[in-house]
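What follows is a set of notes on a single structure, which appears directly below.
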Amino acid sequence: MPQLPGAARMIEWWTIVQAVIATAAGVFCFIRAGMNAPVGDDTAAAAALGWLALIVDAVIAIVGPMTGNPCLGDGIEFWVYLVSAIIIPPAALFWGVIERNRWSTAILGVAMLSVAVMMVRMQQIWAGHGPLLAG
């Protein structure tokens, strides 16, 4: 299927939205950890919002190639990043529920910031860019 002009940028706006959501969730978790708060409904909801954005990204990654927006980079690398990013928030949240202290909230913050970085890297792979922010 031929690639549409600018098709690799079709999901760029979504990457920005996802990265902002995940970063905000991570910062919020760090603020709550600084307040000595264990993982609660608020931090779990923030992580869940970031996780739902990843599920939408998985749907986009499945539908994209069928609509003329193929992954221009290494597809295997993209899917490894995506599957890993989908696993990280629930794993960190599970840890936070098992070990209820401020450090588990900090771990959830680290997890969400890691996911934000992984989302940006997935966009770079999808667009066929190298590991640096190249045009």
Please report the interatomic distance CG(Asp57) to CE(Met118), rounded to the nearest 0.5 Å. 11.0 Å

Residue pairs passing the salt bridge (charged side-chain N to carboxylate O under 4.0 Å, His left out) test where at least one lies in residues 19-28, sequence neighbours excluded: none

To the nearest 0.5 Å, how far apart are CD1 in Ile88 and CG in Leu108? 11.5 Å

CD1/Ile55: more than 12 non-hydrogen atoms of other groups inside 6.0 Å: yes

Treating Ile, Leu, Val, Met, Phe, Trp and Tyr as nodes and any side-chain heavy-atom pair under 4.5 angstrom as an edge, say whether Val17 and Leu54 lie in one connected cluster. yes

Salt bridge (charged side-chain N to carboxylate O under 4.0 Å, His left out) contacts in which one or both residues fall within residues 69-79, not counting sequence neighbours: Glu77-Arg121

Using the rule that Ile, Leu, Val, Met, Phe, Trp and Tyr join whenever any side-chain heavy atoms are under 4.5 Å apart, tell me whether Phe28 and Leu49 fall into a single cluster. no

Would you say Ile76 ends up clustered with Ile87 if hydrophobic residues are merged whenever their side chains have heavy atoms under 4.5 Å apart, either directly or through other cluster members? no

Linking Ile, Leu, Val, Met, Phe, Trp and Tyr through side-chain heavy atoms less than 4.5 Å apart, which residues share a cluster with Val97? none

side-chain hydrogen bond (donor to acceptor under 3.5 Å, both in side chains) contacts touching residues 16-27 (sequence neighbours left out): none

For Glu99, enumerate each residue passing the side-chain hydrogen bond (donor to acceptor under 3.5 Å, both in side chains) test, keeping only those at least two apart in sequence or located in another chain. Trp95, Asn101

Those residues at least two apart in sequence (or on a different chain) that pass side-chain hydrogen bond (donor to acceptor under 3.5 Å, both in side chains) with Ser114 are none

For residues Gly96 and Ser104, report the shortest heavy-atom separation together with the two atoms involved. CA-CB, 3.5 Å

When hydrophobic residues are tied together by side-chain contacts of less than 4.5 Å, even through go-betweens, does Ile21 share a cluster with Ile86? yes

Pairs flagged by ring pair (Phe, Tyr, Trp, His ring centres under 6.0 Å) wherever residues 41-79 is involved - sequence neighbours left out: Phe78-Trp126

Determine, stepwise, if the pair Val80 / Met122 fulfils side chain to side chain contact (heavy atoms under 4.5 Å, CB included). CA-CA 10 Å; Val80 167; Met122 286 187 290; over 6 Å; no

Using the side-chain hydrogen bond (donor to acceptor under 3.5 Å, both in side chains) criterion, which residues pair with Asn36? Sequence neighbours excluded. Arg102

Hey, what do you get for CH2 (Trp103) to OG1 (Thr105), rounding to the nearest 0.5 Å? 10.5 Å

Cluster membership besides Phe30, Ile/Leu/Val/Met/Phe/Trp/Tyr side chains within less than 4.5 angstrom, sorted by chain and number, is Val110, Leu113

Qualifying salt bridge (charged side-chain N to carboxylate O under 4.0 Å, His left out) pairs with a residue from residues 27-41, counting only residues at least two apart or across chains: Arg32-Asp42

Once rounded to the nearest 0.5 Å, what's the spacing between atom OG1 of Thr67 and atom CD1 of Ile62? 12.0 Å

Taken in chain and number order and not counting sequence neighbours, the residues that satisfy ring pair (Phe, Tyr, Trp, His ring centres under 6.0 Å) with Tyr81 are none

Within the 4.5 Å heavy-atom criterion, are Cys29 and Val27 side-chain neighbours or not? no

How far apart are the closest heavy atoms of Ala116 and Ala19, and which atoms are they? CB-O, 3.9 Å

For residues 107-119, which residue pairs pass the salt bridge (charged side-chain N to carboxylate O under 4.0 Å, His left out) check, not counting sequence neighbours? none

Common cluster, Val83/Val63, ILVMFWY with side-chain heavy-atom separation under 4.5 Å: no

Considering all heavy atoms of both residues, which atom of Ala111 and which atom of Ala92 are nearest to each other, and what is their separation? CB-CB, 3.6 Å

How far apart are the closest heavy atoms of Ala58 and Leu82, and which atoms are they? CA-CD2, 3.6 Å

Minimum-distance pair of heavy atoms, taken over all atoms of Ala106 and Ala33: N-CB, 3.8 Å

Quick one: pull up OG1 in Thr43 and CG in Leu93 and give me the separation to the nearest 0.5 Å. 7.5 Å

Separation of Gln124 CD from Thr15 OG1 (nearest 0.5 Å): 9.5 Å

